[in-house]
J.: 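My questions all concern the structure below.
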Amino acid sequence: MGVTVIGSLNYDLVTYTDKVPGAGETFAGEHFETHVGGKGLNQAIAVSKLQADAGDEKVRIVGNVGRDPFGDEILEVARQNRVQVEHVGVVAGTKTGTATILVERKTGQNRIVIVSGANAKTVLEESNMEQVFPKNTSPGQHYIILQHEISDPVAYMRWLKLNRPAYQIVFNPSPFQELPADAWKDVDVLVVNEVEAFQLYMCITGSGSSKFSESEPDNMVDKFRVILSELMERGVLGKSRSGTIIVTLGEYGVLYASAASSRVLYVPAEQVVKVVDTTAAGDTFLGGLVAQLDSGSTLDDAVRFAVQASAIAVTREGASSSIPTHAEVEGKYHL
Ligand code: RIB
Ligand code: NA
């Protein structure tokens, strides 16, 4: 049992503002913060904080930072959160990955520009994989989590499926990129938000734009129910396997389906009084989900727990710093 994240580590430069400027405009923002982030590290920290036994050090991250103060701070925060960083390279001559983020005060919505920097140096090396995933260890239900903020997550998934088939691969294809249809078949648990679900649907069906182009909040859940059913029917994750697809719809809740039942299930979102900052809400969901699956929870219980955890994350500023602990989720923290 245990979790390995292969992914990005970013330094987030965040401006909280009432208004978002257009081209050529300048506004005074409200305040500025720096946070440790990156989808890979956020998800690793989320697994660590949201596992039932807070003392366990079951999570590690594989990735790269630059040899600079941002990288130093990132490694420090990762360690404080009990994420093992032995497999994080410190690369000279490249800057640590950054995310420049604008958060709108009124809605908590964000706009993010990332520069990969050292994350782009995270590429598969055979000898490294042999060392990180030794052959003769029995992995049990070891989970590997990947996102798309590193160069080629598909290469890792392929290597793992071919060489270590017992590992469970969780993929969050964010930011979305079109992949060869076969690549999705290496995924055991696919977690997408509404934008990514729609993009995947368009890639797989080669259509969809006219049928589903309008995002009408009223029928968000119905619309994505149809999209998810179609993705399952088409066997995106492979027809003969028991893959799971989860679609997170933010304030509209979560839809999910597994090949085993292929019925689409739904969990509504928690009511949140004041959304402060949605950054890392998706990462919190994913980390909560995997922490629960790793400790033997059913998929239904894991999804419900993850929904509660991400509802707390949106009430707090920042990325990894906004992720609640397991005790906070269980203690019914007031939203
Ligand atoms: O998912 C949130 C993350 O996306 C931020 O922490 C930022 O680094 C970007 O990668
Ligand atoms: Na947040």
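Everything numeric in this text was worked out from a predicted model, so none of it was measured. Whatever order the structure lists them in is the order used to number ligands and atoms, beginning at 1.
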J.: With heavy atoms under 4.0 Å as the rule, classify the contact between E149 and ligand 1 as side chain, backbone, both or neither.
T.: side chain
J.: So, do K95 and D68 sit near enough that their side-chain heavy atoms are less than 4.5 Å apart?
T.: yes
J.: Hey, can you tell me if Y11 and F70 have their rings parallel, tilted or perpendicular (30° and 60° cut-offs)?
T.: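 Correct class here is parallel.
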J.: Would you mind listing which atoms of ligand 1 come within a distance below 4.0 Å of any non-hydrogen atom of A99?
T.: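 In order of number, 7 (C), 8 (O).
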J.: Do we get R158 above F171's six-membered ring, with its NZ or CZ under 6.0 Å from the centre and within 45° of the axis?
T.: no
J.: Between the side chains of R316 and E328, is the shortest nitrogen-to-carboxylate-oxygen separation below 4.0 Å, so that they form an ion pair?
T.: yes
J.: Is the closest side-chain donor-acceptor distance between Y256 and T244 under 3.5 Å?
T.: no
J.: Write out the residue and atom name of the closest protein heavy atom to atom 4 (O) of ligand 1, then the distance separating them to 0.1 Å.
T.: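 It is K39 NZ, 3.1 Å.
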J.: Number the atoms of ligand 1 from 1 as they appear, then name those within less than 4.0 Å of a heavy atom of A319, with their elements.
T.: 6 (O)
J.: Can you pull out the closest protein heavy atom to atom 8 (O) of ligand 1? Residue, atom name and distance to 0.1 Å, please.
T.: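 Protein heavy atom at minimum distance: D12 OD1, 2.7 Å.
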J.: Is any N, O or S atom of A319 under 3.0 Å away from the Na ion (ligand 2)?
T.: no
J.: Flag A280 as yes if one of its N/O/S atoms falls below 3.0 Å of the Na ion (ligand 2), otherwise no.
T.: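 It does not: A280 brings no N, O or S atom closer than 3.0 Å to the Na ion (ligand 2).
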J.: Flag the pair L237 / L190 as yes when at least one side-chain heavy-atom distance between them is below 4.5 Å, and no otherwise.
T.: yes
J.: Nearest protein heavy-atom contact for atom 3 (C) of ligand 1: which residue, which atom, what distance?
T.: N42 ND2, 3.6 Å
J.: Salt bridge or not between R164 and E130? Use side-chain N to carboxylate O under 4.0 Å.
T.: yes
J.: Identify, by name, the N, O or S atom of D277 lying closest to the Na ion (ligand 2).
T.: O
J.: To which protein heavy atom is atom 2 (C) of ligand 1 closest, and what is the distance rounded to 0.1 Å?
T.: D283 OD2, 3.3 Å
J.: Under 3.5 Å between any N/O of I114 and any N/O of ligand 1: does that happen in this structure?
T.: no
J.: Regarding A313, does it place an N, O or S atom less than 3.0 Å from the Na ion (ligand 2)?
T.: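 An N, O or S atom of A313 is closer than 3.0 Å to the Na ion (ligand 2), so yes.
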J.: Show me which atoms of ligand 1 lie under 4.0 Å from any heavy atom of G38.
T.: 5 (C), 6 (O), 7 (C), 8 (O), 10 (O)
J.: Would you give the length of the straight line joining atom CG of L102 to atom CZ of R111, rounded to the nearest 0.5 angstrom?
T.: 7.5 Å
J.: Take the Na ion (ligand 2) as the vertex and measure to O of R316 and OG of S322; round to 10°.
T.: 100°
J.: In plain terms, say whether D18 and K106 are close enough for a salt bridge, that is, a side-chain N and a carboxylate O under 4.0 Å apart.
T.: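 The answer is no: the pair does not qualify as a salt bridge.
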J.: Using a cut-off of strictly less than 3.0 Å, determine whether T315 has an N/O/S atom near the Na ion (ligand 2).
T.: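 Within the cut-off used here (under 3.0 Å), T315 places no N, O or S atom near the Na ion (ligand 2).
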J.: Below 4.0 Å from any atom of ligand 1, is there a heavy atom belonging to G282?
T.: no
J.: Does K161 make a cation-pi contact with Y167 (under 6.0 Å, within 45 degrees of the axis)?
T.: no
J.: Verify the distance test for T284 against the Na ion (ligand 2): any N/O/S atom under 3.0 Å, yes or no.
T.: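 So T284 does not count as coordinating the Na ion (ligand 2).
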J.: Does the pair E317/R105 count as a salt bridge with the N-to-O cut at 4.0 Å?
T.: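 Looking at R105 together with E317, the answer is yes, because their closest N to O distance falls below 4.0 Å.
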